[in-house]
Each structure stands twice: as structure tokens, then as C-alpha cells.
Student: 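Starting off with a structure, shown below.
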Amino acid sequence: MEELRGILATLPPSRPAPAEGGGVKTPPRLELPALPNAEQGKVVLRFAPFPSGALHLGSARGVFLNDAYRKRYDGKFYVVYDDTVGSEEKRPFLEAYDLIRQDLETVDVVPDAYYYKSDRMELYYRRLPPLFESGKAYVCTCPAETLRENRRTGTACAERDRPLEWHREAWEGMLSGKYAPGEAIVRIKTDMAHPNPAFRDRVLFRISDFEHPRVGKRYRVWPMLEYAFAVDDLELGITHVLRGKDLMMEDMMEQALWSAWGRQGPELIHWGLLSVRDAKISKSKSYAEVMSGVYDGWSDPRTWSFTSLFRRGIRPEAIRSFVLSFGMSLADIEVPAESLYAENRKLLDPVTPRRAFVADPRVVAVEGFPDDLASVSLANHPTREELGRRDVRVQGGRFYLAARDVDQHRGKEFRLKDLVNIELTDDGHARFTSRPNKPIPRVQWVAADGAVPVSLLQVDGSRVEGMGEGSLASVKEGELFQFERVGFVRADPQTPDGPRRFVFGHP
RNA sequence: GCUCCCGUAGUCUAGUGGUCAAGGAUAGAGGCCUCUCGAGCCUCUGACGCGGGUUCAAAUCCCGCCGGGAGCACCA
């Protein structure tokens, strides 16, 4: 898996055109540095996710940087499922292939092709014999522990210099089942005294009996990531590899292999590691919680998956701007999720209608509420008239206020925002005082008449229950609102009865 | 420990020897708004890790130090 941890000449045209007036900010134009040796129309890029779960915010850098350069150079972009057999702790999962495909669709990234490493095993095998012949690879039957120790001390293993024929036969033996898992591996011959201990005769192939989710037990000898990439990057004509700098050592491996094959590989370019503060992202934890039902599927906000962000009303363009703003810097960074929200807010604020919602509601009956005040017309947006208005019935003077507001304003006069001024006595009774606006605290309210119960899913998976204004009764999935003084929300699918369901996006 | 990478405001980023008395974003502070204590608008605060060089001139080049990160798996 190499998608973990992730401006073109212009921003994508999908960004909503800034409307006139309304104080809409023009987003800054972002530019990515040019790629070395990149020719217009001839750039071929690839993104290689390990199919163990949905794509999430940690994958975003790989997705959007590749896509941005693909567009900038009018090139190709492939998804290569990095689905070799994995290990005990890291296994590919069948469902993940489709999840990843859907996630890419969700964020409007459409690859030119999909490839599966598990379909390309013969290609990997075919490239190996020449390495035996040129003495660049060998079969090693050391136990893992011996191998580690030798690597540490820079000691070559006894088999390293056996004759070519022995290695050929041993390789056949690996394929045919003569060796059990762990009993034989293929290693590259670099230099056992290489200053970087991590680079001393690394493993190219190993035996695994795991059943692969796509190809079952058809193969028992599997390549390591670096070898598979070294082959695919040549076979697929990749011109530039963009990946996180955690894979820098893999560069050395790929380059060693290309040079052994007498070929020139693509340019290798890295970005620093990205972590998002406030977002503890663990694909394996998410997988476990999704499977066990603790999480509400991959759209549970706690996964930080693309789908879950979408469900929260976070637009793909916001994620794109967010990750592209980091550029190709090699510095490791930790960014607060707040930055992502700020990007999304620029997109949503100008187009999102306001609605009233109060959490933890208390009923307040206002004594002396004016009889002639039957309804009030409220703007859907404080500055953008084109978003229209709505009428809210207030007859009878019964309101829901947030418990917090009730407590805070007990014994004081305050204004029901956009409506009238009232006073709350110490024992909780409310009475009308006056109508004109004046500089006193303003409190959010929901008219009890017609109010609908609302359940708001939070980022931590909990729910806040409250009451929303009557116009929310007919809400449909996907509608976006700003609950005033609460934040931006997106409507979940609704059920005929029960509360209206929303997902909290961000303030 | 070894190898590699990185170091501009709280955070992210622009900057590739002069136009940088360092630009933008975000966060923070203050203000505005016939009405969002959480949106919007305006203003303000705030940075080149340290020490040596090179140069007429350095955030930009060189060396050292300090600090941070990654790799050292028969995972990806």
C-alpha cells in the first residue's frame, strides 16, 4: 500500500463559480512545481492502493496529486491495486477493491485504467531468470532469524555464491512446492556491506500459503512490493512515480533492479508524510469496527473515509484544495482538520441555506406574545437574497430554546433572533417585552408549532438530539444546510417516522 | 545505533542571491452587521532553528551544530 500519507495551473473547473456580491472569496490559484522531464501528453502516473479498506483522508494526497498532474500534463493515470498476498497482519480484502473504486468516483477522480498485481504474476516471474543469470539475484534458504543477523553484521550467506544452476533449481523448487513458506526466498544481490543496513540483499520473492481474495491459491510464490513495482513501472510505461517519502528506500531497490535489467525507470518523486490532527486514521481499526458493526459502515465519520467525508457534506473540491495546498514539500506535516473545514466552508457558505436547530431543547411559553404575530419571514442567507426566504409560524408563542441558552439567560432580557425580545424569570417563566431589535443577546429558537425532532450525527459517532424548524420536515438526502450557530450539516436518508437525520460536517 | 529526509509566524505554505523592512491561507485578538456568542465583512498580532563562512548583497549557496521525521519485515 503506498497511498498512505498525500496544483495544477488552474483549479478544477468543477469549483463553483464565485457569485457576484455576497462577499464570496475567490480561491487563491495554486500551482504545483513542474515535474522533471515531463512532456505534455506523455506523462503516465499511477496510484497503488493496498485493498484493505476504503480510501480515506490519509490517501488523499496520493489521489489528488496524481490526478492534478495527470490533468496538468494531459497524461494518463492508472490505479494499480497493490494486492500481492500481504502478510498475517496485512491482508487484502475482496470488498476493498470496489470500495476504492467507488471512493475515487465519489471524489471525481476517474483513472484511465485499473490494474491488479494479482493478475500480473507471470510478468513478475518472467523477469527473474535474467537476474539469476547475471548474478544479481539468488535463492537463500537461511531462516529468517539468521538472515536478519547476517544483515546486521554484513555477513553474506553461504548460498549467495552457489552456482547458477543451483539457484535455478531452487527457484523451480519454490514454485513447485519443494519448499515450505519461510524455507526459501529470492534475494537481490546488492552489497552485504552497504552502508544502509536496510539495503543489504533485500528479499524479492517469498513463499506464502495464504489464500488470495482474487486468485485464491493459484500462486504460492509472491513478489515483494519493490520488485512488483519495478516490473510494473516498466511494463505500464510509467513516466513519473509520485509517492510518500516513506517509500524512499524502495527507490533504491527499483533503481537497482532497473539497472540489473539494463533499463531506465521513471522519475521518482516524493512528498512528506501528512497526518491530520483530530483524525486518528487507522485502516485496520476501521476495517475491524466496520465488520463488527461498531461503526456504521464505511460511511461512519470515525473512519475519515472519502465516503464519510462526503456524507458530512465535505465536497471533493475541498479535499482537493486541502491536500494540493501542501504541494510536493518533503517536510513532514501535521495539519488540523480545521484547515479542511475552512476550504469546505468557502464552498458551502455562499450556497447553503440557514435553518434553525436547537440542541437539548426546552419548551418556553412566552406570556403576552403578540396575537397578531402569526408568522415571520426569514432570509435563507444573511447576505445572499437569491437564496430566498421562508415563512415560519410562530403563533401562540411557544418555542424551543437550547437548555444552555435557557440557563445562561435566566433572569435576563434577550432577543429571540429575528423575532421579539423576551425576558426569562428566575423560575423559568418567559414573558414578552418588546418587538424592536436592540443590542441585547440574541438567542436561537425553534417555534414549537410544527417543529420536527432532529438527530444530528457527530464526528465521534455520537448523536445530538434536538428540535429543528418545521421546514426540515420534508428534507431529502444530500441537502446541505447551515444550522445557525451550530455548523454545516448534510441530510442523511430519511425514514417516514422518527427524527430527521443529519450529519454534522463542521462549524 | 546505522542510512536517508526535513527545518519560514500556533499550523500549512510562497519564496531558488538583490524587487523580502518576507506574500497567502488558517488559527488567535479587536471591530462591523435592523439581528448567526459558531457564518460573513474589516483591521491587527505573528516567522526565515542556532553558529560560522562565501558575497557588494543570503530565507535563498557552503560547513558545523541543534531539533523533527522515516526506514532498518520472508508488510504495504
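Note that the structure is a prediction, hence the values are computed from the model and not measured. Within every chain, numbering begins at 1; the chains are lettered A, B, ... in the order of the sequence lines, protein sequences first and strands thereafter.
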Student: What is the base-pairing partner of G30(B), counting Watson-Crick and G-U wobble geometry with both distances under 3.5 Å?
Tutor: C42(B)
Student: Starting at CG of Asp246(A) and ending at C1' of C5(B), how long is that distance when rounded to a whole Å?
Tutor: 12 Å
Student: Looking only at atom C1', what distance separates U8(B) and G67(B), rounded to whole Å?
Tutor: 15 Å
Student: Does His194(A) or Pro336(A) map to a spot on RNA chain B nearer the 5' end, using the closest nucleotide for each?
Tutor: His194(A)
Student: Round to the nearest Å and state the distance from Met328(A) atom CE to A14(B) atom P.
Tutor: 11 Å
Student: Under 4.0 Å, heavy atoms only, any strand: does Arg404(A) hit a base, just the sugar-phosphate, or nothing?
Tutor: base
Student: Can a donor-acceptor pair be found, under 3.5 Å and without considering hydrogens, that links the side chain of Asn344(A) to the backbone of Gly313(A)?
Tutor: yes
Student: Students often get this wrong, so: under 4.0 angstrom with heavy atoms, is Met252(A) touching a base, only sugar-phosphate, or nothing?
Tutor: nothing
Student: Would you call the rings of His506(A) and Phe488(A) parallel, tilted or perpendicular if under 30° counts as parallel and over 60° as perpendicular?
Tutor: tilted
Student: What is the separation between atom CD on Glu469(A) and atom P on U36(B), rounded to the nearest whole Å?
Tutor: 16 Å
Student: Is any side-chain N or O of Arg206(A) closer than 4.0 Å to OP1 or OP2 of C75(B)?
Tutor: yes
Student: Within the 4.0 Å heavy-atom criterion, would you say Asp405(A) contacts the bases, only the backbone, or no part of the nucleic acid?
Tutor: base
Student: Let's test this: given Watson-Crick or G-U wobble pairing with both distances under 3.5 Å, identify the partner of C35(B).
Tutor: none
Student: Take atom C1' in U43(B) and the same atom in U54(B), then report the distance between them in whole Å.
Tutor: 43 Å
Student: Between A73(B), U36(B), G69(B), which nucleotide has the shortest distance from any of its atoms to the side chain of Leu273(A)?
Tutor: G69(B)
Student: Across all strands, who's sitting opposite C56(B) as a Watson-Crick or G-U wobble pair, both distances under 3.5 Å?
Tutor: G18(B)
Student: Using atom P in both nucleotides, what's the gap between U16(B) and C72(B) to the nearest angstrom?
Tutor: 36 Å
Student: Classify Glu338(A) by what it touches in the nucleic acid, base, sugar-phosphate, or nothing, heavy-atom distance under 4.0 Å.
Tutor: sugar-phosphate
Student: Nearest whole angstrom, please: distance from the C1' of U13(B) to the CZ of Phe326(A).
Tutor: 9 Å
Student: Atom CG of Leu330(A) and atom P of G7(B): how far apart are they, to the nearest Å?
Tutor: 8 Å
Student: Below 4.0 angstrom, N of the basic side chain to O of the carboxylate: do Asp201(A) and Lys189(A) qualify?
Tutor: no
Student: Please report the distance separating the C1' of U55(B) from the corresponding atom of C61(B), rounded so that it comes out in whole Å.
Tutor: 10 Å
Student: Counting the atoms with a prime plus P, OP1 and OP2 as sugar-phosphate, which does Pro92(A) contact under 4.0 Å by heavy atoms, base, sugar-phosphate, or nothing?
Tutor: nothing
Student: If you check every side-chain atom of Lys245(A), which of C75(B), C5(B), U36(B) has the closest atom?
Tutor: C5(B)
Student: Quickly work out the His212(A) NE2 to C75(B) P distance and round it to whole Å.
Tutor: 14 Å
Student: From the options U11(B), A39(B), A73(B), select the nucleotide whose nearest atom is closest to the side chain of Arg277(A).
Tutor: U11(B)
Student: Would you mind telling me which of U13(B), A39(B), C6(B) lies closest to the side-chain atoms of Ile333(A)?
Tutor: U13(B)
Student: For Lys90(A) and C74(B), what is the distance between atoms NZ and P respectively, to the nearest whole Å?
Tutor: 13 Å
Student: Would you call the rings of Phe199(A) and His194(A) parallel, tilted or perpendicular if under 30° counts as parallel and over 60° as perpendicular?
Tutor: perpendicular
Student: Of the candidate nucleotides G71(B), A27(B), A39(B), which contains the atom at the shortest distance from the side chain of Asn196(A)?
Tutor: G71(B)
Student: Please determine if a side-chain N or O atom of Arg151(A) lies less than 4.0 Å away from the OP1 or OP2 oxygen of C74(B).
Tutor: yes
Student: When all nucleic acid strands are considered with a 4.0 Å heavy-atom cut-off, which category describes Val486(A): base, sugar-phosphate, or nothing?
Tutor: nothing
Student: Is there a donor on the side chain of Glu334(A) or the base of U11(B) sitting less than 3.5 Å from an acceptor on the other?
Tutor: no
Student: Whom does G71(B) pair with, Watson-Crick or G-U wobble, provided both distances fall under 3.5 Å?
Tutor: C2(B)
Student: Of the nucleotides A39(B), A25(B), C6(B), which has the atom closest to the Pro382(A) side chain?
Tutor: A39(B)
Student: For a quick check of understanding: with a heavy-atom distance under 4.0 Å over all strands, which category does Gly487(A) fall into, base, sugar-phosphate or nothing?
Tutor: nothing
Student: Please tell me whether Tyr138(A) and Phe132(A) form a close aromatic pair, meaning their ring centres lie under 6.0 Å apart.
Tutor: no
Student: Judged by each residue's nearest nucleotide on RNA chain B, which is more toward the 5′ side, Pro223(A) or Gln482(A)?
Tutor: Gln482(A)
Student: Measure up the Phe93(A) and Tyr287(A) rings against each other and bin them: parallel (under 30°), tilted (30 to 60°), perpendicular (over 60°).
Tutor: parallel
Student: Is the shortest side-chain N/O distance from Ser329(A) to OP1 or OP2 of U13(B) below 4.0 Å?
Tutor: yes
Student: Which listed nucleotide (G71(B), U36(B), C12(B)) is nearest to the side chain of Met249(A)?
Tutor: G71(B)
Student: What distance, rounded to whole Å, do you find between the two P atoms, one in G49(B) and one in U3(B)?
Tutor: 25 Å
Student: Between the side chains of Arg415(A) and Asn421(A), is a donor N or O closer than 3.5 angstrom to an acceptor N or O?
Tutor: yes
Student: Please measure how far the C1' atom in C33(B) lies from the corresponding atom in G38(B), and state the result in whole Å.
Tutor: 16 Å
Student: Any strand counts, and the cut-off is 3.5 Å on both contacts for Watson-Crick or G-U wobble. Which nucleotide pairs with A25(B)?
Tutor: U11(B)
Student: So which nucleotide does A47(B) pair with, by the Watson-Crick or G-U wobble rule with both distances under 3.5 Å?
Tutor: none
Student: Any side-chain heavy atom of Glu465(A) within less than 4.5 Å of one from Leu456(A)?
Tutor: no
Student: How many Å lie between NZ on Lys417(A) and P on C33(B), as a whole number?
Tutor: 15 Å
Student: Measure from the side-chain heavy atoms of Asp332(A) and tell me the nearest of C6(B), C74(B), G69(B).
Tutor: G69(B)
Student: Just compare A70(B), C74(B), C75(B) and give me whichever is closest to any side-chain atom of Ser87(A).
Tutor: C75(B)
Student: Give me the one residue out of Phe50(A), Tyr115(A), Tyr97(A) that meets side chain to side chain contact (heavy atoms under 4.5 Å, CB included) with Asp83(A).
Tutor: Tyr97(A)
Student: If you check the Ala331(A) side chain, which of A73(B), C6(B), G69(B) turns out closest?
Tutor: C6(B)
Student: Can you check the distance between C66(B) and C50(B), where both ends of the measurement are the P atom (answer in whole Å)?
Tutor: 15 Å
Student: On a whole-Å scale, what distance lies between the C1' atoms belonging to G10(B) and A73(B)?
Tutor: 38 Å
Student: A27(B), OP1 or OP2 - any side-chain N/O from Arg345(A) closer than 4.0 Å?
Tutor: yes
Student: When all nucleic acid strands are considered with a 4.0 Å heavy-atom cut-off, which category describes Ser208(A): base, sugar-phosphate, or nothing?
Tutor: nothing
Student: With under 30° as parallel and over 60° as perpendicular, where do the rings of Phe326(A) and Phe322(A) fit, or are they tilted in between?
Tutor: perpendicular
